[in-house]
2 protein chains.
Amino acid sequence: MLSIGKLGQAAGVKVPTIRYYEQIGLLHPAGRSEGNQRLYARDALARLLFIRHARDLGFPLDAIRDLLALQDDPHQPCAAADAIAQAQLQAVNRRITQLTALRCELEKMVAQCAHGSVGECRVIEVLGNHDLCVHPDHDDGDDAVTDHDHALAPRS
Amino acid sequence: MLSIGKLGQAAGVKVPTIRYYEQIGLLHPAGRSEGNQRLYARDALARLLFIRHARDLGFPLDAIRDLLALQDDPHQPCAAADAIAQAQLQAVNRRITQLTALRCELEKMVAQCAHGSVGECRVIEVLGNHDLCVHPDHDDGDDAVTDHDHALAPRS
DNA sequence: TCTAATGTCTCTAGTAGCTATAGGTTCAAG
DNA sequence: CTTGAACCTATAGCTACTAGAGACATTAGA
Ligand SMILES: [Zn+2]
Ligand SMILES: [Zn+2]
Ligand SMILES: [Zn+2]
Ligand SMILES: [Zn+2]
């Protein structure tokens with residue numbers, strides 16, 4: 001039996017994240033000690049590692065919920081799981097395509113600047129006028145490149 | 001003078017988004033009509049187009065705020081603007097690298113599944129065991145591939 | 001055994017960048 | 001003059017967490 005802290009350490013997940021996963025129903029509510037603290041068995045670790053791995057591969061929590069449900073009764077055909085993974089793959093591919101276009105524009109923009117005053121800056125100029133762009137349609141479609149968030153949702 | 005609706009149409013931006021940009025100080029508060037409705041001059045359209053273009057290239061709002069401030073007095077050197085654009089470019093590059101690794105894993109996962117029962121599904125199996133992955137370190141580092149969110153923040 | 005440090009509990013609010021809704025006012029066409 | 005569209009404000013919701021407050025539990029050392 002692991003405390004929530006040990007579980008988090010074992011899975012590389014912060015403690016509040018574990019409580020969050022329980023709250024949204026990804027992890028089963030843990031048993032409690034006399035003093036009301038959560039206690040976890042080994043299968044909880046496996047489940048948490050599954051979640052983390054799927055998150056690291058960019059699956060959104062909704063998709064992970066579905067994958068876990070499938071995992072819970074292994075006699076069904078796996079078509080649903082495969083569909084989720086393929087949707088995820090397509091989302092990643094779409095995103096890579098978008099980002100590659102963005103990279104292209106950003107590179108040109110940065111390269112063409114003569115590093116004078118803002119009034120002559122190519123970066124500012126291009127941002128103010130999309131007609132100066134090479135690819136006329138690099139509308140980012142959505143998505144983040146942030147270091148804060150993780151989702152990767154292909155589903156509608 | 002444009003109404004908020006016309007401005008939104010002209011820039012390809014939804015009306016609530018314009019109000020949001022005003023609220024967070026990206027757009028100057030608009031003048032109002034007798035009946036308290038917003039009225040915009042042409043320069044507001046230019047500013048909004050600038051914001052949209054930068055957003056489409058993935059710049060986070062904070063970076064755009066800085067870029068707009070630079071644009072507002074054009075006699076400074078443009079080093080700051082170039083630095084923001086380069087940071088953005090690096091963020092995009094990092095993200096592309098990450099996503100390429102994810103794509104690789106997802107492709108393998110999907111390809112190796114024999115489409116039997118969930119109990120034998122390679123997708124489920126790999127998700128449950130990161131050791132089955134080719135790249136040992138595809139931790140997604142963060143970021144989204146979602147269709148909901150847009151950020152791309154390189155700045156700490 | 002006492003105590004201090006750490007761990008845990010719940011609850012709330014904040015992050016990014018919008019989007020949606022509710023309930024009310026104003027405008028423009030017919 | 002009436003109707004419908006567009007507008008106003010304010011609030012809540014979305015993803016996936018993260019951070020904090022204030023209180024209780026556990027554990028190691030003296
Ligand atoms: Zn420049
Ligand atoms: Zn462009
Ligand atoms: Zn399968
Ligand atoms: Zn892996």
Side-chain angles (χ1 to χ4, degrees), chain A residues 1-9 12-27 29-40 48 51-52 54-65 91 140-156, chain B residues 1-9 12-27 29-40 48 51-52 54-65 91 140-156:
Chain A
M1 285 298 183
L2 301 165
S3 71
I4 195 170
K6 299 293 177 190
L7 179 67
Q9 257 184 282
V13 172
K14 288 177 188 161
V15 167
T17 303
I18 298 174
R19 291 196 277 248
Y20 171 69
Y21 287 161
E22 177 182 314
Q23 193 192 326
I24 63 171
L26 281 190
L27 289 176
R32 299 296 180 113
S33 74
E34 266 186 56
N36 196 36
Q37 302 196 348
R38 289 174 180 81
L39 289 177
Y40 294 92
L48 182 53
I51 296 172
R52 274 324 306 175
R55 288 294 299 125
D56 287 343
L57 288 167
F59 289 87
L61 293 179
D62 273 2
I64 296 173
R65 195 191 313 276
D140 160 334
D142 261 66
D143 280 310
V145 184
T146 320
D147 287 324
H148 303 294
D149 114 51
H150 261 273
L152 192 63
R155 48 252 316 289
S156 159
Chain B
M1 284 298 181
L2 301 165
S3 72
I4 195 170
K6 299 294 176 187
L7 179 67
Q9 256 183 283
V13 172
K14 287 175 187 161
V15 167
T17 305
I18 298 175
R19 289 196 279 248
Y20 172 70
Y21 287 162
E22 178 183 314
Q23 193 193 324
I24 64 172
L26 279 190
L27 289 176
R32 299 298 179 108
S33 74
E34 265 186 57
N36 196 35
Q37 302 197 350
R38 289 173 181 82
L39 289 178
Y40 294 92
L48 182 53
I51 296 171
R52 274 325 306 176
R55 287 296 298 126
D56 287 342
L57 288 166
F59 289 87
L61 293 179
D62 274 2
I64 295 173
R65 196 191 311 277
D140 161 333
D142 262 68
D143 278 312
V145 184
T146 322
D147 287 323
H148 303 297
D149 112 52
H150 261 274
L152 190 65
R155 51 248 321 288
S156 164

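Letters go in sequence order (proteins before strands), and every chain restarts at 1.
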Practice item. Find the distance B/I24:CD1 to C/dT15:P and express it as a whole number of Å. Key: 12 Å
Exercise for review: Using whole Å, report how far CG of A/L7 lies from P of C/dG7.
Suggested key: 15 Å
Review point. For B/I4, which contact category applies under a 4.0 Å heavy-atom criterion: base, sugar-phosphate, or nothing?
Key: sugar-phosphate
Review point. Can you tell me how far P of D/dC14 sits from CG of A/L61, to the nearest Å?
Key: 13 Å
Check your understanding: For D/dC17, does either OP1 or OP2 sit under 4.0 Å from a side-chain N or O belonging to A/R52?
Key -> yes
Please produce a list of atom pairs where a protein N or O lies less than 3.5 Å from an N or O of nucleotides 25-30 of chain C.
unit_1, atom_1, unit_2, atom_2, d
C/dC27, OP1, B/G35, N, 3.1

Check your understanding: Taking the side chain of A/K14 as heavy atoms from C-beta outward, which of C/dT19, D/dT18, D/dA16 is closest to it?
Key -> D/dT18
Check your understanding: Nearest of D/dC17, C/dC18, C/dT8 to any side-chain atom of A/V15?
Key -> C/dT8
Study note, to complete from the structure: The reported gap from CZ in A/R55 to CG in A/L61 (rounded to nearest 0.5 angstrom) is 5.0 Å
Output side-chain donor-acceptor pairs under 3.5 Å for residues 32-39 of chain B, partner residues at least two apart or in another chain, one line each.
unit_1, atom_1, unit_2, atom_2, d
B/R32, NH1, B/N36, O, 2.9
B/R32, NH1, B/N36, OD1, 3.2
B/S33, OG, B/G35, N, 3.2
B/S33, OG, B/Q37, N, 3.1
B/R38, NE, B/E22, OE1, 3.0

Check your understanding: A/Y20 side chain N/O closer than 4.0 Å to the phosphate oxygens (OP1, OP2) of D/dT15?
Key -> no
Exercise for review: Take the protein atom CD of A/Q23 and the nucleotide atom C1' of C/dT12, then report the distance between them rounded to whole Å.
Suggested key: 11 Å
Check your understanding: Which heavy-atom pair separates A/V15 from A/G5 by the least distance, and what is that distance?
Key -> CG2-CA, 3.9 Å
Practice item. Could you grab the distance from atom CG of B/L57 to atom CZ of B/R52, nearest 0.5 Å is fine? Key: 10.5 Å
Check your understanding: Who are the side chain to side chain contact (heavy atoms under 4.5 Å, CB included) partners of B/T17, not counting sequence neighbours?
Key -> B/V13, B/K14, B/Y21
Exercise for review: Measure from the side-chain heavy atoms of A/R32 and tell me the nearest of D/dC8, C/dT10, C/dC18.
Suggested key: C/dT10
Check your understanding: With sequence neighbours left out, what residues match B/R65 under salt bridge (Lys or Arg N to Asp or Glu O under 4.0 Å)?
Key -> B/D62
Check your understanding: For B/R19, which contact category applies under a 4.0 Å heavy-atom criterion: base, sugar-phosphate, or nothing?
Key -> base
**Study point:** Contacts of B/Y20 that satisfy side chain to side chain donor-acceptor pair (under 3.5 Å) - sequence neighbours left out
**Key:** none
Point to revise | C/dG17 OP1/OP2 closer than 4.0 Å to side-chain N/O of B/T17 | key: no
